[in-house]
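These notes concern the structure reproduced below.
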Amino acid sequence: MSTITVKLGERSYPINVDSGILSSSQSFASSISSNKVVVVTNDVVKPLLLDKLLLALLDYEVDVVCIPDGEQHKNLQQFDYVITKLLELKSSRDTTLLALGGGVVGDLTGFVAASYQRGMPFIQVPTTLLSQVDSSVGGKTAVNHPLGKNMIGAFYQPKSVVIDIESLSTLPAREFAAGMAEVIKYGIIYDYQFFSWLEKHADLLNNLSEEHLKYTITRCCEIKAQIVAEDETEKGIRAILNLGHTFGHAIEAEQGYGKWLHGEAVAVGMIIASKVAVHKGWLSESDLIRVEALIAKFKLPISPPANMDYSHFAKHMQHDKKVKSGSIRFVIPNRLGEASVTSDIDVSLLKEILG
Ligand code: NAD
Ligand code: GLY
């Protein structure tokens, strides 16, 4: 098992990565402090993984709350539903909430945990690649508002993250690819060697090689843990984790949440950001070709939807959380393996790139 620690003083917590750890009581013992656990999951994950998890929780009184599947349900209505269930179950501030599912379940459950009686302990058990390498780590919790994604939320750290690689065996191929977009992101923003390693091992990853998945997830969690420890509430370096997201969120919002997967939109967003970097002279044309080729190897889209031009992007980008004092802040690679945030991008350049 590999263990990574997110170092946040008294709120530090472990991320454990291995195969088969979902059904082991040892995976949870040190992060559950009372005898009551409420598992929040959805109607797709429940039949696949809940029984395995319950084997690990035999020593506790466990209740299960199930929400409908899908990004369109990451909203205040489902937030209210879970809170109401907790009240009906007479959950206290000591009850541990456990999120079993992808980023939607994890983000919503985390926000419930941050809010219920002003905060209760919670554990992330991410079951998609995207949630294992990104959303379960770092304490960003949120639900969507009709006017904007993740607009209502809190920074609230889990007590631990338990990542069972085996759970990926049932993940649809398209969801796996979406997770790979966030994996590639870490290579572009932080670790050139990892980017090159991904280029070499893409086929093995596409074949779900356990060894290569374990290395990949561990490396991504190490990078994210490092960045979050430096800048928990995104005052500085943490913003680089949003590479591709400003453009990606515009695609998700314009197409209607759920049509484009988050990772698919981020993949295209990373290519747009890399094109900006080429114009700035920070990436070479051959770097851009490598980014596009790696993204394409995982069968991710490499171009924006045909029905979107600059005006559609501009409309949504104004609502982005990264807008500060009216100017949009973009994450752009400085080179492969490093990125920074800038507002200094001419509209004319964006029009040229986005059409
Ligand atoms: P998701 O939670 O919708 O999961 C994708 C699909 O896979 C769903 O249908 C889900 O039910 C299904 N699924 C989950 N585990 C499965 C398994 N093991 N086998 C088969 N099917 C399974 O989507 P996601 O990609 O995991 O997460 C996307 C969400 O994460 C977005 O809402 C995004 O905003 C959020 N996000 C948050 C952060 C953060 O830092 N908090 C970071 C990135 C993304
Ligand atoms: N997914 C971006 C972040 O956690 O900051």
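For ligands, and for the atoms within them, numbers begin at 1 and follow the listed sequence. Scope of the values below: all heavy atoms of this structure, side chains included, with no hydrogens, waters or symmetry mates.
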Please output the residues near ligand 2 using a strict heavy-atom distance under 4.0 Å, listed in chain and residue-number order.
Asp134, Lys140, Lys224, Glu234, Arg238, Leu241, Asn242
Looking only at N/O atoms, are [X] and ligand 1 under 3.5 Å apart anywhere?
X	answer
Arg238	no
Gly101	no
Leu130	no
His262	no
Lys149	yes
Ser167	yes
Glu182	no

Between [atom1] of [X] and [atom2] of [Y], what distance do you get to the nearest 0.5 Å?
X	Y	atom1	atom2	answer
Glu232	Arg11	CD	CZ	4.0 Å
Met317	Phe330	CE	CZ	4.0 Å
Leu354	Lys275	CG	NZ	9.0 Å
Glu175	Glu264	CD	CD	8.0 Å
Ser274	Ile188	OG	CD1	5.0 Å
Asp18	Ile165	CG	CD1	6.0 Å

Listed once per pair and sorted, the ring-ring contact (aromatic ring centres under 6.0 Å, His included) pairs that draw on residues 198-218, sequence neighbours left out
Trp197-His201, Trp197-His212, Trp197-Tyr215, His201-His212
Best match, Leu241, Val44, Val133, Leu168: closest heavy atom to atom 12 (C) of ligand 1:
Val44
Between Thr170, Leu49, Ile67, which one has a non-hydrogen atom sitting closest to atom 19 (N) of ligand 1?
Thr170
Please state which protein non-hydrogen atom is closest to [atom] and give its distance, to 0.1 Å?
atom	result
atom 15 (N) of ligand 1	Thr127 OG1, 2.7 Å
atom 43 (C) of ligand 1	Asp134 OD2, 3.5 Å
atom 24 (P) of ligand 1	Gly103 N, 3.5 Å
atom 35 (C) of ligand 1	Asp107 OD2, 3.4 Å
atom 8 (C) of ligand 1	Asp69 OD1, 3.2 Å

Should the ring pair Phe313 and Phe247 be called parallel, tilted or perpendicular, given that the plane angle runs from 0 to 90° and is split at 30 and 60?
perpendicular
Within the 4.0 Å heavy-atom shell around [X], which atoms of ligand 1 are there?
X	value
Thr128	4 (O), 5 (C), 7 (O), 13 (N), 14 (C), 15 (N), 24 (P), 26 (O)
Val45	11 (O), 13 (N), 14 (C), 15 (N)
Asn150	34 (O)
Ser135	36 (N), 37 (C), 38 (C), 39 (C), 40 (O), 41 (N), 42 (C), 43 (C), 44 (C)
Leu48	19 (N), 20 (C)
Lys74	31 (C), 32 (O), 33 (C), 34 (O), 35 (C)

So do the side chains of Ile184 and Phe195 get within less than 4.5 Å of each other, counting heavy atoms only?
yes
For Leu100, is there any backbone N or O sitting under 3.5 Å from a side-chain donor or acceptor partner on Thr41?
yes
Could you tell me whether the side chain of Arg329 and the main chain of Ala239 form a donor-acceptor pair under 3.5 Å?
no
So, applying side-chain contact (heavy atoms from CB on, under 4.5 Å) with Ser19, which one of Lys214, Glu210, Met1 is it?
Glu210
For the residue pair [Y] / [X], report whether a side-chain donor-acceptor contact shorter than 3.5 Å exists.
X	Y	value
His316	Glu252	no
Asn307	Gln255	yes
Gln226	Glu230	yes

For ligand 1, indicate whether the residue [X] contacts it via side chain, backbone, both or neither (heavy-atom separation under 4.0 Å).
X	value
Val104	both
Asn144	neither
Glu175	side chain

Can you tell me if Pro172 contacts ligand 1 (heavy atom of the residue under 4.0 Å from the ligand)?
yes
May I ask whether Arg174 has any heavy atom positioned less than 4.0 angstrom from an atom of ligand 1?
no
For the residue pair Tyr186 and Phe194, is the inter-centroid distance of their aromatic rings smaller than 6.0 Å?
no
Could you walk me through whether Lys74 and Asn150 pass side-chain hydrogen bond (donor to acceptor under 3.5 Å, both in side chains), step by step?
CA-CA 9 Å; Lys74 194 176 114 174; Asn150 294 331; 2.6 Å; yes
